[in-house]
**Student:** 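Take this structure, written in structure tokens, and hold onto it; I'll ask about it next.
Because the structure is predicted, anything quoted here is derived from the model rather than measured. Positions are given from 1, in the same order as the sequence printed here.
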Amino acid sequence: MTHLPPVVDELDRTILALLTANARASFVHIGQRVGLSAPAVKRRVDRLRATGVITGFTTTVRADAMGWGMEAYVEVYCDSAAPPSRMSEVARNHPEIVAAMTVTGDADALLHIRARGIEHFERVLERIRAEPFVRRTDSRIVLTQLLPGGGGTALRPLLSRAVENAAEPG
């Protein structure tokens, strides 16, 4: 039997968009925007959490404020198909890797890396290249983030319409 993803209706999408824009928004505030009572919003958020639609709440910190102002994307090419579990292990062993995924195309994986500067980035790259299955890497250094959030807001286009459509309070 296939496990189907939970159904998310338009009201849920609006609530998710409002929480994505401000995870600290109160249920009262969200309720005013979507036309529900605070307890009704809480029940929906609890359901979204219980079904795994909402996977957690987080604090976003500017990387440059922590001294990690350099950002790059690195394509990783492997000698043989490295299993995703091995790539995941490599990513977990490097705190500078903030996101990692296997991809289609010529590269086997894509890594999103944060570093203090070029020298730090080079050391990280050397450690990645030292992995026995890595044949080569191809890097792209980020010059300017064009959208706020630095890529951490993948659902913005899907959810922003819901916020725009939410009724403004009286």
**Student:** Any side-chain heavy atom of Gln145 sitting closer than 4.5 Å to one from Glu71?
**Tutor:**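 They are in contact (side-chain heavy atoms under 4.5 Å apart), so the answer is yes.
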**Student:** Does Arg13 pair with Asp9 as a salt bridge, N-O distance under 4.0 Å?
**Tutor:** no
**Student:** Return the minimal non-hydrogen interatomic distance between Phe27 and Val45, and the atom names on each side.
**Tutor:**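 What the structure gives for the nearest pair is CE2-CG2, 3.8 Å.
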**Student:** Is the shortest side-chain heavy-atom distance between Met66 and Arg114 below 4.5 Å?
**Tutor:** no
**Student:** Taking Ile128 as the starting point, is it possible to reach Ile141 by hopping between hydrophobic residues whose side chains are less than 4.5 Å apart?
**Tutor:**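 Yes: a chain of side-chain contacts under 4.5 Å links Ile141 to Ile128.
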**Student:** Are the side chain of Asp138 and the backbone N or O of Glu75 linked by a donor-acceptor pair below 3.5 Å?
**Tutor:**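 Here the side-chain-to-backbone pair does not exist.
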**Student:** Taking C-beta and beyond as the side chain, do Leu48 and Leu19 meet within less than 4.5 Å on heavy atoms?
**Tutor:**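 Not touching, per the 4.5 Å side-chain cut-off.
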**Student:** Same cluster or not: are Ile113 and Leu143 linked, directly or through other Ile, Leu, Val, Met, Phe, Trp or Tyr residues, by side-chain heavy atoms under 4.5 angstrom apart?
**Tutor:** no
**Student:** Does a sphere of radius 6.0 Å around CZ in Arg47 hold more than 12 heavy atoms from other residues, nucleotides or ligands, not counting ones at 6.0 Å or beyond?
**Tutor:** yes
**Student:** Hey, any chance Val103 and Val98 share a hydrophobic cluster, counting ILVMFWY side chains that come within less than 4.5 Å of each other, even indirectly?
**Tutor:** no
**Student:** What distance separates Arg33 CZ from Ile15 CD1, expressed to the nearest 0.5 Å?
**Tutor:**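 Answer for the CZ-CD1 pair, Arg33 versus Ile15, is 12.0 Å.
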**Student:** Kindly indicate whether the side chain of Val7, heavy atoms from C-beta on, has any atom under 4.5 Å from the side chain of Asp12.
**Tutor:** no
**Student:** Should His120 and Trp68 count as side-chain neighbours, where that means a heavy-atom distance under 4.5 Å?
**Tutor:** yes
**Student:** Membership question, hydrophobic clusters at under 4.5 Å side-chain separation (ILVMFWY): are Leu11 and Ile30 in the same one?
**Tutor:**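 Same cluster.
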**Student:** Which distance, rounded to the nearest 0.5 Å, do you find between the OG of Ser26 and the CD of Gln32?
**Tutor:**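 Ser26 atom OG to Gln32 atom CD measures 7.0 Å (nearest 0.5 Å).
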**Student:** Before you tell me yes or no, could you show the steps for Thr55 and Arg49 under side chain to side chain contact (heavy atoms under 4.5 Å, CB included), namely the whole-Å CA-CA distance, both residues' side-chain angles and the distance that decides it to 0.1 Å?
**Tutor:** CA-CA 6 Å; Thr55 58; Arg49 290 182 70 197; over 6 Å; no
**Student:** Is any side-chain heavy atom of Leu18 closer than 4.5 Å to a side-chain heavy atom of Val34?
**Tutor:**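 Sidechains of Val34 and Leu18: in contact.
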**Student:** Can you tell me if Arg129 and Thr137 form a side-chain donor-acceptor pair at under 3.5 Å?
**Tutor:** yes
**Student:** Going hydrophobic residue to hydrophobic residue with side-chain gaps under 4.5 angstrom, can you get from Ile54 over to Val8?
**Tutor:** yes
**Student:** What do the steps show when you test His112 against Ile97 for side chain to side chain contact (heavy atoms under 4.5 Å, CB included), and what is the final call?
**Tutor:** CA-CA 6 Å; His112 181 190; Ile97 300 174; over 6 Å; no
**Student:** Please report the interatomic distance CZ(Arg44) to CG(Leu16), rounded to the nearest 0.5 Å.
**Tutor:** 10.0 Å
**Student:** Would you mind reporting whether Phe121 and Val74 have side-chain heavy atoms less than 4.5 Å apart?
**Tutor:**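 Counting from C-beta outward, Val74 and Phe121 do come under 4.5 Å.
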**Student:** Compute both the distance and the angle, then confirm whether Arg140 meets the cation-pi test with Tyr73: under 6.0 Å from the six-membered ring centre, within 45 degrees of the axis.
**Tutor:** no
**Student:** Say you draw a straight line from CG of Asp108 to OH of Tyr77; how long is it, rounded to the nearest 0.5 Å?
**Tutor:** 8.5 Å
**Student:** Shortest non-hydrogen contact from Asp64 to Arg62?
**Tutor:** OD1-NE, 2.9 Å
**Student:** Is Arg86 salt-bridged to Glu131, cutoff N-O under 4.0 Å?
**Tutor:** yes
**Student:** Taking C-beta and beyond as the side chain, do Val76 and Met87 meet within less than 4.5 Å on heavy atoms?
**Tutor:**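 They are in side-chain contact.
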**Student:** Do the side chains of Glu96 and Arg116 get close enough for a salt bridge, i.e. N-O under 4.0 angstrom?
**Tutor:** no
**Student:** Please report the interatomic distance CG(Leu111) to OG(Ser139), rounded to the nearest 0.5 Å.
**Tutor:**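 Leu111 CG to Ser139 OG: 9.0 Å, rounded to 0.5 Å.
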